Amino acid sequence: MHVEAPSSSPALVFKDPYFLDFLGLRQGHDEANLEAAILRQLEAFILKLGRGFAFVERQRRIVIDGDDFYLDLLFYHRRLRRLVAIELKLGRFKAAHKGQMELYLKWLHKHERQPGEEAPIGLILYAESSREQVELLEMHKGGITVAEYWTELPPKAELEQQLHQALLEARERLAQRGVLLAPKSGD
């Protein structure tokens, strides 16, 4: 029986948020601007994603029932041994994005998956937080990670609040696993 190493799980590979300040995007950018900036800075973007990612294709054409769909970015992750579909979204995450990504992942699984590879997974990068929708839709159960991207740092107070919230969520996950951490003063 194969036991997956903890460092090889999708939850440990993806981050949230992704700080994309190096792209030099201004307010009012669109998805095409975001994609073009990422491609110009592909090496830096791959390093922001983390170790093990390899670029496969941009605007991957997918034809389903005669309709054309275009997956923004397609990567392969060496340690996970699977394709990683990335969709770039402006504004807030919407529930419809889940269905779109599920469609892409099922198509990739059927038409692109190679012998020995695990099922494809997806990452939806969006500009504004919609944590409750993501939580209610249980995105992680379908192999889909949703993460916010930032093109500039938020105000200090907002950043501190988000870091504090991330710490609370991490402690809750550890507590659910039976690992207890004593809270530090100021938390």
Side-chain angles (χ1 to χ4, degrees), residues 8-130 133-134 137 139-140 142-153:
S8 296
S9 72
L12 295 176
V13 170
F14 294 116
K15 306 174 196 175
D16 186 17
Y18 286 92
F19 187 47
L20 304 182
D21 64 322
F22 65 95
L23 296 178
L25 293 170
R26 303 278 184 242
Q27 290 288 19
H29 67 274
D30 61 17
E31 288 178 18
N33 298 137
L34 177 60
E35 182 181 315
I38 287 172
L39 290 172
R40 281 193 306 275
Q41 299 289 336
L42 189 56
E43 180 180 11
F45 180 69
I46 289 174
L47 292 174
K48 291 283 183 182
L49 284 172
R51 297 180 58 130
F53 283 91
F55 177 70
V56 175
E57 194 171 356
R58 74 182 277 204
Q59 290 300 308
R60 174 66 169 105
R61 183 173 176 234
I62 297 172
V63 180
I64 302 170
D65 293 329
D67 293 327
D68 290 339
F69 298 87
Y70 293 91
L71 172 62
D72 290 333
L73 300 169
L74 184 60
F75 288 84
Y76 183 80
H77 195 278
R78 294 179 57 216
R79 283 184 309 178
L80 296 176
R81 296 184 338 266
R82 59 178 70 196
L83 291 168
V84 179
I86 299 180
E87 273 297 297
L88 308 170
K89 301 297 181 190
L90 300 178
R92 295 178 64 88
F93 171 81
K94 296 177 182 161
H97 298 155
K98 178 184 181 189
Q100 178 186 21
M101 181 59 81
E102 286 173 337
L103 182 68
Y104 293 169
L105 293 178
K106 289 185 187 307
W107 189 93
L108 289 168
H109 183 84
K110 181 177 180 180
H111 297 286
E112 294 292 324
R113 185 174 169 206
Q114 298 295 311
E117 289 181 355
E118 300 293 329
I121 56 175
L123 171 63
I124 301 171
L125 287 174
Y126 62 97
E128 295 177 39
S129 183
S130 293
Q133 283 187 48
V134 171
L137 290 169
M139 304 289 285
H140 61 285
I144 301 171
T145 299
V146 178
E148 190 173 354
Y149 69 86
W150 298 341
T151 57
E152 55 188 48
L153 277 176

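All figures in this text were calculated on a predicted structure; none of them were measured in a lab.
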_Do Leu103 and Ile62 have side chains that approach each other closer than 4.5 Å (heavy atoms only, starting at C-beta)?_
no

*Quick one: are Gln114 and Tyr76 in side-chain contact, heavy atoms under 4.5 Å?*
no

_Apply side-chain contact (heavy atoms from CB on, under 4.5 Å) to residues His109 and Leu83 and explain how you reach the verdict._
CA-CA 9 Å; His109 183 84; Leu83 291 168; over 6 Å; no

*Quick one: does Glu87's side chain get under 4.5 Å of Leu71's, heavy atoms only?*
yes

*Could you point out which residue of Leu34, Leu123, Ile124, Asp30 forms a side-chain contact (heavy atoms from CB on, under 4.5 Å) with Leu88?*
Leu34

*What are the two closest non-hydrogen atoms of Ile121 and Arg82, and how far apart are they?*
CG2-NH1, 2.9 Å

_Using a strict threshold of under 4.0 Å (side-chain N to carboxylate O), is an ion pair present between Lys98 and Glu102?_
yes

_For Gln100 versus Lys89, what's the shortest heavy-atom pair and its separation?_
OE1-NZ, 2.9 Å

*Side-chain contact, heavy-atom cut-off 4.5 Å: Gln59 with Asp72?*
yes

*Specify the closest pair of heavy atoms between Tyr104 and Tyr70, including all atoms of both residues, with the distance to one decimal.*
OH-O, 3.6 Å

*For Arg60 and Trp107, work out which heavy atoms get closest and say how close.*
NH2-CH2, 3.4 Å

*asked:* Nearest 0.5 Å, please: how far is NZ in Lys106 from CZ in Arg113?
replied: 12.0 Å

_Distance (rounded to the nearest 0.5 Å) between Leu125 CG and His97 NE2_ = 12.0 Å

_Nearest 0.5 Å, please: how far is CZ in Phe53 from CG in Leu73?_
11.5 Å

*Rounded to the nearest 0.5 Å, how far apart are CG of Leu74 and CD of Glu57?*
6.5 Å

*Shortest non-hydrogen contact from Leu108 to Pro120?*
CB-CG, 3.8 Å

*Could I get the full list of side-chain hydrogen bond (donor to acceptor under 3.5 Å, both in side chains) partners for Asp68, not counting sequence neighbours?*
Arg61

*Just by distance, do the side chain of Asp65 and the backbone of Asp67 share a donor-acceptor pair under 3.5 Å?*
no

